[in-house]
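See below for the structure under consideration.
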Amino acid sequence: MSLNVFITRQIPEEGITLLKKFCQTVEVNPHDRSLTYNELLERVKGRDAILTMLSDRIDVRLLNEAKNLKVIANYAVGYDNIDVKAATARVIVVTNTPGVLTDSTADMAWALLFSITRRIIEGDRLTRAGKFTGWAPMMLLGGDLVGKTLGIIGAGRIGTAMAMRSRGWNMRILYTTQSSRNAVLEEMFGAKRVDLETLLKESDFISIHAPLSEKTRHLIGPHEFSLMKRTAYLINTGRGAVIDEVALVNALRNKQIAGAGLDVYEAEPKLKPGLAELDNVVLAPHLGSATVETRTKMSLMAAENIIAVLNRQKPPNCVNPEVLT
Ligand code: DGY
């Protein structure tokens, strides 16, 4: 049997090389950009597997064009870009890349937290503009971390890694989760599970790690901003749409909160009007998993998932295991 795979964007070679050992055709999007939806529609035809990015919309219409498709290997831990229900109905396996990007994403959340709290980007802009005229006692004062309260929304793997990194600053940890209690956080870090309202009212730093779903879309909106401390910072390395970005722009503009550090956006890569003009926000271009080591592991993991399915074996990271039975 001749196996045919399409990779929607150039990824580290390791995964591609592995795929080439098992599949006769492995084609990679030749452009240095995402494919348009219509281009993707054409490219999926006749493929046994597609290796997709979180920016690719995989919906019913696209699945209907992909008559031979057996597996969609998403190159991300999140898979809200895929209509998993529709894939399951067509007995298509969907896989993701959990675990390997936990540390890099938690590191990114801390990088944003430091950048916004210690005003590093503002300082960089000022220095480059030649406006650093000497040390000044009141220049770019930020906030301390030691002893403050860190609120984690979504205490899965990445939320837990975020909390673990707070050790050096002796922080109090609050968390919310949709699943069962996080024993590691509670027993090792004295973390307390609270409701969202308590977390928003009591936290100095709030970091979002909950996956995007219909339950979490716009979880943080005008009401939630009104509960937060005026000195609070909001960090998001999960999915943009968990925050109502119009409400965020208003909250930042009106100094309802002190600042935000964002890696993800509601209508990525577009920004909500006004966001880029604000000084009290740090904006990163979705770099959570962007380290050489992590992206290499992700490429191998996605390839292993595809190979397993095409070999009629259980893939290591299936998100719709019901199709395997
Ligand atoms: C993911 O894998 O879902 C992350 O958003 C990548 O940064």
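The chain is numbered in sequence order, starting from 1. We count ligands from 1, going down the list as the structure has it; atoms in each ligand are counted the same way. What you see below is based on every heavy atom in this structure, not just the backbone, and it leaves out hydrogens, waters and symmetry mates.
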Where ligand 1 meets His286 - atom numbers and elements under 4.0 angstrom, heavy-atom basis: 4 (C), 5 (O), 6 (C), 7 (O)
Protein contact of atom 1 (C) of ligand 1 - nearest heavy atom, named by residue and atom, plus distance: Val77 N, 3.5 Å
Aromatic Tyr75 / basic Arg9 pairing, under 6.0 angstrom, 45° off normal: no
Non-hydrogen atoms of Glu39 and Ser34 that approach each other most closely: OE1-O, 4.5 Å
For atom 6 (C) of ligand 1, closest protein heavy-atom neighbour: Ser289 OG, 3.5 Å
Pairing of Glu186 and Arg181 as salt bridge, 4.0 angstrom limit: yes
Test item, Met108 contacting ligand 1 (heavy atom, 4.0 angstrom): no
Nearest neighbour in protein (non-hydrogen) for atom 3 (O) of ligand 1: Arg239 NH2, 2.7 Å
Salt bridge flag under 4.0 Å for residues Glu197 and Lys201: yes
Reported CZ-to-CG distance for the pair Arg119 and Leu140, which is rounded to 0.5 angstrom: 4.5 Å
Residue portion contacting ligand 1 (non-hydrogen atoms closer than 4.0 Å) for Leu101: side chain
Gly78: numbered ligand 1 atoms lying under 4.0 Å from its heavy atoms: 1 (C), 3 (O)
Electrostatic pair Asp244:Lys272 at N-O distance under 4.0 angstrom: no
